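Below: the structure, in structure tokens.
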Amino acid sequence: MHRRNDEVARLLDNIAELLSLHGENPFRIRAYTTAARNIGALSEDVEEIYRRGGLDDIPGVGDAITRKVAEYLETGRLGYYEDLKRRVNVAAVDLLEVPGMGPARAHLVYQQLGITTVPELLEAARDHRLAELPGFGAKLEARIAREAERVGARSRRLLLGVALPVAEEVAARLRAVPAVEAADPAGSIRRMRDTIGDIDVLASSTRPEAVVATFTTLPFVREVLATGPTRPSILTRDELQIDLRVIRPEEWGSALVYFTGSKEHNIALRSLANEHGWKLSEYGLFDREGTRIAGRTEAEIYAALGMDWIPPELREDRGEIAAARAHRLPLLVDVDDLRGDLHVHTDWSDGHDSPERMVEAAIARGYRYLAFADHSSSLGVAGGLTIERVHEQRRLVERLNQRFAPFRVLHGTEVDILPNGDLDYPDEVLAGFDVVTASIHSVFDQTRERMTARIVKALRHPHVDILGHPTGRLLLRRPAYEVDLEAVLQAAVESGVTLEINGQPDRLDLDDTWSRRAKEAGARLVCSSDAHAAVQLDYARYAVATARRGWLEPAHVLNALPLDRLLAHLRAR
DNA sequence: GCCGTTTTCGGCCCGACTGTTTTCAGTCG
């Protein structure tokens with residue numbers, strides 16, 4: 001893993017934050033955040049780039065930032081940053097957590113009242129010391145008091161797997177309203193980010209009041225938080241806030257681009273529009289005279305800007321705009337490209353449904369093959385299979401293959417990688433499986449070196465086909481274990497092991513950026529549901545979404561292979 | 001601080017909203 005890339009990116013972000021508190025020129029601040037983001041997104045190690053003198057080839061990195069990064073890489077320190085920390089009180093950064101407190105107000109509050117923490121801010125608001133400050137007043141003071149109280153208690157981010165189904169249901173119900181021309185989820189949901197801040201839905205109609213009326217009376221509404229002609233907001237029974245925007249049909253495309261984001265992607269598009277002397281906003285693309293050039297569809301807008309339509313999953317300003325202008329966007333893998341699933345559990349270990357039921361569900365989805373991957377014996381809590389049960393299950397697989405032919409059931413396993421890197425079944429047992437996924441389920445707290453060696457050892461095992469959920473992260477709950485993922489990646493490429501993109505909504509592991517990195521390094525990936533029940537076969541869609549965010553095409557995805565080629569691949573190992 | 005098929009200097013995304021203000025600054029997305 002490129003730890004130094006993240007380190008350098010964080011350093012530059014910190015500088016930007018301090019500069020903003022210092023009341024610096026906003027464009028200089030943005031230069032630092034842009035450089036930070038671009039360095040954070042690099043697939044090459046920033047230190048290697050520095051050694052070959054390539055720092056200023058990185059977009060957004062010029063002379064000044066090159067010098068600063070070089071100093072930091074050489075010495076581990078940056079004098080400029082140390083000075084800045086001395087001049088600006090670092091703690092005042094906390095004030096930016098409070099909605100309504102931006103850099104200017106935080107700076108003022110610090111300068112005038114010496115306030116650096118949220119509790120101090122709250123106290124000052126209650127004592128009515130804020131209202132006295134220039135540009136402040138009674139209303140602003142009350143708002144800041146209200147927001148300061150709620151900091152920390154603010155609702156957390158949501159899993160994509162929670163937000164997306166709700167947003168899709170809302171959009172589908174709105175589409176059923178005759179006055180609605182189009183309705184879709186927008187924002188980070190549409191980009192399929194692994195976690196979501198706000199649930200945004202967009203609808204177009206010439207009769208907004210009818211749309212708002214339907215929206216605010218949906219059957220699962222608990223509370224209407226805001227109404228009004230175009231921007232209503234509801235709270236559902238399961239406490240999810242959903243914001244709707246109703247817009248005019250001729251603005252649908254531009255509004256969808258705008259509300260889908262990302263912010264960085266939008267900024268890049270608008271800069272491009274500027275180069276033509278045009279203006280892009282949520283209302284459309286306009287020429288110098290203010291005449292609308294495009295706006296009704298997204299494709300129209302991208303075409304007018306001289307590029308192909310960009311799938312939402314790629315809209316992160318990570319090179320998609322240049323690729324779209326060159327007509328070299330990847331032809332992203334789609335959920336319909338999957339021919340089967342290589343990681344599902346049955347009720348033989350910790351799954352909910354029988355093997356038969358899982359097969360029937362896979363056939364119903366149009367799959368051609370399915371691999372059971374029940375847990376191995378040491379994973380007692382998950383009902384890991386003893387060697388006898390493995391043999392017994394193999395006989396069942398044979399019967400299922402006769403019964404469901406030409407559908408193919410593969411006998412797989414999700415075998416534990418033990419703390420020393422050995423696998424949880426002896427070699428002769430492993431040799432009997434059609435496909436072996438190796439995963440870590442315990443002893444996560446090893447040192448980075450030991451964990452890396454543990455995984456690399458498993459990857460070199462001749463019977464291992466797939467590395468399951470490679471970083472072990474659980475979204476919103478547990479970070480990835482300490483591991484040198486770059487070394488893991490190289491070992492996987494060398495030994496021909498496929499890396500899993502696990503579709504469980506709280507895993508999505510590998511994530512988007514590492515999936516892209518893996519593809520670039522020549523690794524193959526597999527989009528698996530890790531279903532523990534028949535309905536969860538649908539989690540494959542989240543794995544595919546992650547793969548798409550990682551720029552993957554069908555050719556990079558193992559389970560996009562037809563059965564015969566999959567079997568040839570597995571046999572060749 | 002960065003960057004250039006209009007520029008090595010003069011720009012840098014756009015609009016809505018809020019609240020403080022007699023024309024606009026700050027924040028947000």
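Keep in mind that this is a model prediction, so the values were computed, not measured. Naming convention: chains lettered A, B, ... in sequence-line order (proteins, then strands); numbering from 1 in each chain.
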Side chain of [X], heavy atoms from C-beta onward: which of [options] has the nearest atom to it?
X      : options                : result
A:K139 : B:dG1, B:dG19, B:dC28  : B:dG19
A:L140 : B:dC14, B:dG19, B:dC17 : B:dG19
A:P99  : B:dC28, B:dT27, B:dG1  : B:dC28
A:N25  : B:dC12, B:dG15, B:dC17 : B:dC12
A:R30  : B:dG15, B:dG26, B:dC12 : B:dC12
A:I65  : B:dG15, B:dG29, B:dG1  : B:dG1

Between [N] and [M], how many Å separate the two [atom1] atoms, rounded to a whole number?
N      : M      : atom1 : value
B:dC2  : B:dT8  : C1'   : 12 Å
B:dT20 : B:dC24 : C1'   : 9 Å
B:dG26 : B:dT21 : P     : 12 Å
B:dC13 : B:dC28 : C1'   : 14 Å

Which part of the nucleic acid, if any, lies within contact of A:N266, taking any heavy atom under 4.0 Å across all strands shown: a base, the sugar-phosphate backbone alone, or nothing?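 Here A:N266 touches no strand at all.
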Using a heavy-atom cut-off of under 4.0 Å over every strand shown, decide if A:P134 touches base, sugar-phosphate, or nothing.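 Nothing: the residue A:P134, judged by heavy atoms under 4.0 Å, touches no strand.
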Can you tell me how the ring of A:Y80 sits relative to the ring of A:Y32, calling it parallel under 30°, perpendicular over 60° and tilted otherwise?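 If you compare the ring of A:Y80 with that of A:Y32, the planes turn out parallel.
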Are A:R67 and B:dG1 close enough that a side-chain N or O sits under 4.0 Å from OP1 or OP2?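 False: A:R67 side-chain N/O out of range (4.0 Å or more) of B:dG1 OP1/OP2.
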OP1 or OP2 of B:dG1 versus the side-chain N and O atoms of A:R28: is any pair under 4.0 Å?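 A:R28 to B:dG1 OP1/OP2: side-chain N or O found under 4.0 Å.
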If you assign A:D198 and A:L133 each to the DNA chain B nucleotide with the nearest heavy atom, which residue ends up on the more 5' nucleotide?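 Counting from the 5' end, the first nearest nucleotide belongs to A:L133.
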Please compare A:Y283 and A:A138 by the position of their nearest nucleotide in DNA chain B and report the one closer to 5'.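 Nearest nucleotide further toward 5': that of A:Y283.
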Of A:R157, A:R507, A:R473, which meets salt bridge (charged side-chain N to carboxylate O under 4.0 Å, His left out) against A:D194?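 Output: one option passes, namely A:R473.
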Taking a pair as Watson-Crick or G-U wobble with both distances under 3.5 Å, which nucleotide is matched to B:dT8?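 Across any shown strand, B:dT8 pairs with none.
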A:E316/A:R549 salt bridge by N-O under 4.0 Å criterion: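 Salt bridge between A:R549 and A:E316, a charged N being under 4.0 Å from a carboxylate O: yes.
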Charged N to carboxylate O under 4.0 angstrom, A:E7 versus A:R4?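 Salt bridge flag = yes for A:R4 with A:E7.
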Grab the CZ-P distance between A:R105 and B:dT18 for me, whole Å please.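 Atom CZ in A:R105 sits about 13 Å away from atom P in B:dT18.
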CG of A:L272 versus P of B:dT6: gap in Å, rounded?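 Taking atom P of B:dT6 as the reference, CG of A:L272 is at 12 Å.
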Between B:dG11 and A:N274, counting only base atoms on the nucleotide and side-chain atoms on the residue, is there a donor-acceptor pair under 3.5 Å?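 Per atom types, no contact qualifies.
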Please confirm whether any donor atom in the side chain of A:Y258 sits under 3.5 Å from an acceptor in the base of B:dG29, or the reverse.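 Looking at the base of B:dG29, it does pair with a donor or acceptor on the side chain of A:Y258 (distance under 3.5 Å).
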Using a 3.5 Å distance criterion without hydrogens, assess whether the side chain of A:S262 forms a donor-acceptor pair with backbone atoms of A:R315.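 Looks like yes, one N/O pair under 3.5 Å.
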